[in-house]
Amino acid sequence: MSTDLVRVRTGVYHDSVSLMRVSQAVTGLPGVEVAVVAMATELNRGIAAELGFDLPEAGPADLLIAIRSGAPAALEAAAAELDRLLAGLAGRTGGGTAAEHPPRTVRTAARGRAATLALVSVPGEHAFAEAMDAIEAGLSVMIFSDNVPVEQEVLLKRRAAERGVLVMGPDCGTAVIAGAGLGFANVLRPGSVGLVAASGTGAQQVSCLLDLAGVGVGHVLGVGGRDLSEEVGGLSTLRALEALDADPATELIVLISKPPAPEVARTVREAVAKLETPVVTALLGPGQDDLTAAAENALRALGVAVPTWRSWPAPAPPPPDDRPRAAGRDTGGAGAGRTGTGTEGADAGRTGTGTGTEGADAGRTGTGTEGAGGSGGGTRAGTLRGVYSGGTLCAEARLIAGTGEFTDFGEDAYTRGRAHPMIDPTLRLEALAEVPPGDVVLLDVVLGHGADPDPSARLAPGIAAAVARGVPVVVALIGSEGDPQGLNAQAEAVRAAGAAVFTSNAQAARHAAGLLASAR
């Protein structure tokens, strides 16, 4: 029988990014079934109540702690580790008077400090006031918060342009400033490439591919997924391009966006043509380069050889009579961990932007045998189902595949009142469990700080169950060699569950489309 630990700490505030990481760490402890460590807002209280916790009275300025475990010793250990983690957060504010009387506004916090950037991570309805306060204090601002009205975004970015600062966001999940990662950030080697990205996972894909090729990144300036929309007009993109062009340490700029508004794309391209620093663009859309092609173009511009992107072929399927029992068993043996040799090699070198039939042909493996049945085979010509946590990765895969049903579970509609799917895979696992035999599933697994500390631990059982009932699974694994989850370990774990794994989302999409085409 499970036991709950519920506490409220009055008047204790920590930002949501820090608490998200604490919740993540506590949830991953042995014996812990679920943990909620968050400010006691109405949304967070609702989440805890839905999980079955009996909650005392608390307000949005109070810290809510709710942990469930089936073992009293595990619950006690989790509480001790939580106290240690929270003490570490408190220690970051410093000691003495500053800790006892923290500043009440961003502007007063910046006063007397050599601050240049503020990170805003509050519920979306409160983000505008805090971000504007930062701008008026002369700070650039990263708005991690989502659910911010587009009208407020435009006002913030126009005021930032007048003040000569940069607004990254809203819904900016990823940034790297002088090598320091913010939000969902991969561990990247330092270097001379700067990224401007109206996409978090798009920036992670390109920067991780560059890292795997031995090329470092100095800055990743996320501008928010709506920046290149008609309403916003690329306000932050233009400012970020100017900033990197003026940076003597930046030798190459890569510009990334999910499909932009045509007129805004023209304006941005005109601005790019006037810069002194070379720019590689990846403005996703029909006939445009995909993210992998953009990374390869960047490597060529730097005079670096394009490698064969790492992939792990799915293990050979077990005999039909044994399939339910052995779905997660690795019978592929020698294929594990190979990088672009054998059957995956036919797929690995192709990074064009073909759609429909061309995309399916590009995704086929050399013989078609392992590709067609390597993830459990299929009994009918079904549907390609994209089950994504990253919006740009989802958009890219949809463009490349040219067919299928794709869902971005990172959209605001799915994250209101719950953690991002990079942290909590519950909705994606539910969707995976409903896929019928004969369909093909394509999903992303994104590594790095802020993401699930061990995503394969929760995803692998769902993948194995899907493979066992005849659903091929293809995984786009986005990460660097330095990420805390371990790129190789995560790849081997989901491969052992029956999935084919690619470090290139474009190659994963072509492979998945090829599996579907070969079954028809």
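For the numbers below, each heavy atom of this structure counts, side chains included, while hydrogens, waters and symmetry mates do not. Quick caveat, the model's predicted, so the values are computed rather than measured.
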Q: List the residues meeting side chain to side chain contact (heavy atoms under 4.5 Å, CB included) with Pro56, not counting sequence neighbours, and say none if there are none.
A: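 In terms of side chain to side chain contact (heavy atoms under 4.5 Å, CB included), with neighbours along the sequence ignored, Pro56 is linked to Val6, Val8.
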Q: Show me the pairs that pass side chain to side chain donor-acceptor pair (under 3.5 Å) and involve residues 55-66, at least two apart or across chains.
A: none
Q: Applying salt bridge (charged side-chain N to carboxylate O under 4.0 Å, His left out), name anything that partners Asp4, two or more places apart in sequence or on another chain.
A: Arg68
Q: Take Glu162 and Arg159 through the salt bridge (charged side-chain N to carboxylate O under 4.0 Å, His left out) test and state the conclusion after the steps.
A: CA-CA 5 Å; Glu162 294 170 355; Arg159 182 54 178 158; 2.9 Å; yes
Q: Apply salt bridge (charged side-chain N to carboxylate O under 4.0 Å, His left out) to Lys157 and list each qualifying residue two or more places apart in sequence or on a separate chain.
A: Glu153, Asp227
Q: Can you check whether Leu238 reaches Val268 side chain to side chain, under 4.5 Å on heavy atoms?
A: yes
Q: Inspect the contact between Arg9 and Asp83 and indicate whether a charged nitrogen and a carboxylate oxygen are less than 4.0 angstrom apart.
A: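 Yes, charged N to carboxylate O under 4.0 Å.
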Q: Got a salt bridge between Lys274 and Asp245, using NZ or NE/NH1/NH2 to carboxylate O under 4.0 Å?
A: no
Q: Kindly write out the residues that satisfy side-chain hydrogen bond (donor to acceptor under 3.5 Å, both in side chains) with Asn297, not counting sequence neighbours, or none if the list is empty.
A: Asp289, Arg300
Q: Considering residues at least two apart in sequence or located in another chain, which fulfil the salt bridge (charged side-chain N to carboxylate O under 4.0 Å, His left out) criterion with Glu251?
A: none
Q: Report, as yes or no, whether the 6.0 Å neighbourhood of atom CD on Glu136 holds more than 12 heavy atoms from other residues, nucleotides or ligands.
A: yes
Q: Counting only heavy atoms not in Glu230, do more than 12 sit closer than 6.0 Å to its CD atom?
A: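 Not buried by this count: 12 neighbours or fewer within 6.0 Å.
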Q: Phe409: which residues meet the ring-ring contact (aromatic ring centres under 6.0 Å, His included) condition with it, sequence neighbours left out?
A: Tyr414
Q: Checking Glu81 now: which residues fulfil side-chain hydrogen bond (donor to acceptor under 3.5 Å, both in side chains) with it, not counting sequence neighbours?
A: Arg84
Q: Measure across Gly391 and Asp408 and return the closest heavy-atom pair with its distance rounded to 0.1 Å.
A: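 That would be CA-OD2, 3.2 Å.
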Q: For Asp211, check side-chain hydrogen bond (donor to acceptor under 3.5 Å, both in side chains) against everything at least two apart and list the hits.
A: Arg189
Q: Among residues at least two apart in sequence or on other chains, which ones pass side-chain hydrogen bond (donor to acceptor under 3.5 Å, both in side chains) with Thr407?
A: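 Per chain and number, Thr407 pairs via side-chain hydrogen bond (donor to acceptor under 3.5 Å, both in side chains) with no residue.
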Q: Pairing donors with acceptors under 3.5 angstrom, does anything connect the side chains of Ser2 and Glu33?
A: yes
Q: Would you kindly say whether Asn505 and Gln205 are connected by a side-chain donor-acceptor distance under 3.5 Å?
A: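 Side chains of Asn505 and Gln205: no pair found under 3.5 Å.
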Q: When you look at Leu221 and Leu195, which way does the side-chain contact (heavy atoms from CB on, under 4.5 Å) test go after all the steps?
A: CA-CA 6 Å; Leu221 304 182; Leu195 274 64; over 6 Å; no
Q: How would you list all residue pairs meeting salt bridge (charged side-chain N to carboxylate O under 4.0 Å, His left out) that involve residues 444-454, not counting sequence neighbours?
A: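 Those involving residues 444-454 are Arg428-Asp444.
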Q: Testing Asn186, Leu188, Thr392, Leu291 one by one against Gln204 for a side chain to side chain contact (heavy atoms under 4.5 Å, CB included), which residue passes?
A: Asn186
Q: Can you list the residues that meet the side chain to side chain contact (heavy atoms under 4.5 Å, CB included) rule with Ala134, with sequence neighbours excluded?
A: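 Scan of Ala134 (side chain to side chain contact (heavy atoms under 4.5 Å, CB included), adjacent residues dropped) gives Val106, Ala118, Leu139, Val141.
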